[in-house]
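Quick notes on the structure that follows.
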Number of protein chains: 2
Amino acid sequence: MSQTVPDWSVLAASCPSRKSLARIANKWTAMVVTVLGNGRMRFGDLKQEIDGISGKVLTETLRDLERDGLVTRHVYAEVPPRVEYELTELGFTLHEPLLVLCRWAEQHIAEVLVNRERYDAR
Amino acid sequence: MSQTVPDWSVLAASCPSRKSLARIANKWTAMVVTVLGNGRMRFGDLKQEIDGISGKVLTETLRDLERDGLVTRHVYAEVPPRVEYELTELGFTLHEPLLVLCRWAEQHIAEVLVNRERYDAR
DNA sequence: GTAACCAATTACCTCAACGTAACTAACGGA
DNA sequence: TCCGTTAGTTACGTTGAGGTAATTGGTTAC
């Protein structure tokens with residue numbers, strides 16, 4: 001029987017997995033995937049949910065995720081346009097890990113702010 | 001008894017937790033914290049371990065992590081300089097989540113590359 | 001003396017990320 | 001006829017991330 005060997009390493013500069021890491025270790029990706037974890041959602045709602053994201057950045061982020069197979073795009077032949085986005089099975093494997101990061105940021109921000117003050121005071 | 005309420009949300013543009021998320025959901029942070037998870041390490045070794053990182057970026061990343069209280073800096077009064085970095089207790093709570101991201105990138109890059117080809121072929 | 005060592009800083013440049021605003025398509029409703 | 005609707009694109013400008021190279025400082029080895 002064969003065993004999967006770690007052919008790839010993010011620590012190698014030229015390894016494609018590093019660029020992949022750069023895409024998933026990204027604040028917009030984290031927020032989009034976290035929100036989409038709650039289920040299929042249309043563009044406009046996603047944009048409203050993620051306060052402050054511009055339409056341009058949201059479009060780009062979703063395109064990249066779709067390209068990598070993490071998100072599916074559902075287009076309805078309606079007018080005005082109606083487009084929904086959904087995590088794929090692969091994308092869903094990222095939901096929990098990225099949710100953890102979002103939660104970490106929220107749960108530890110108070111402590112971080114204190115540390116920062118202490119550091120800045122020398 | 002009191003319950004911790006979610007005062008903070010990364011989905012709010014002006015919430016400080018979002019900037020915190022931006023710092024931890026970052027490829028350099030992910031690699032530095034992952035490597036430091038193996039134990040205290042000096043600057044030069046860290047730089048060698050993370051192939052392709054420039055001294056400038058490594059310094060900046062470590063400063064930010066130190067400022068937020070995720071990393072401790074140990075300076076030895078020697079010459080040539082000897083400086084070691086170590087995860088704090090707080091920083092260590094991030095090790096596992098960020099390691100997961102690195103592993104994800106490595107383990108799914110093959111599938112991602114296939115998806116990407118399929119997408120680019122229309 | 002001077003070269004090598006290591007962590008760090010600085011100046012300078014380039015390029016990617018991001019924001020804003022204008023514009024498009026196609027239909028239903030006033 | 002004109003307007004509002006939604007997802008998306010494009011052009012343009014600004015900011016920030018990041019690379020490279022030069023420089024610092026105090027020892028030890030030559």
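The structure presented is a predicted model; accordingly, all values stated were derived computationally and were not measured. Order of the sequence lines sets the chain letters (A, B, ...), proteins ahead of strands, with each chain counted from 1. Values below: every heavy atom of this structure, side chains too, minus hydrogens, waters and symmetry copies.
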Between D:dA17 (C1') and B:D64 (CG): distance, integer Å: 12 Å
Separation of atom CG in A:L58 from atom P in C:dG19, rounded to whole Å: 11 Å
Donor-acceptor contact below 3.5 Å, side chain B:T29 vs main chain B:R23: yes
Any donor-acceptor N/O pair, A:R67 side chain to B:D120 backbone, under 3.5 Å: no
Residue from B:L70, B:N26, B:T61, B:L65 passing side chain to side chain contact (heavy atoms under 4.5 Å, CB included) with B:V33: B:L65
Cationic N near anionic O, under 4.0 Å, A:E60 to A:R63: no
Salt bridge present between B:E84 and B:R42 (N-O < 4.0 angstrom): no
DNA chain D contacts made by residues 18-32 of chain A, counting heavy atoms under 4.0 Å: none
B:Q48 CD: over 12 foreign heavy atoms closer than 6.0 Å: no
Could you pull out the closest heavy-atom pair between [X] and [Y], with the gap in Å?
X: A:D51; Y: B:L11; answer: CB-O, 2.9 Å
X: A:E49; Y: A:V35; answer: CG-CG1, 3.7 Å
X: B:A22; Y: A:K27; answer: CB-CD, 3.9 Å
X: A:F92; Y: A:G37; answer: CE1-O, 4.0 Å

Axis-to-axis angle between the two ends of the helix from C:dG1-D:dC30 to C:dA30-D:dT1 (five base pairs per end, rounded to 10 degrees): 20°
Sequence-aligned protein contact record of nucleotides 5-14 of chain D, with B where the base is within under 4.0 Å of a protein heavy atom and S where only the sugar-phosphate is: BBSSS-----
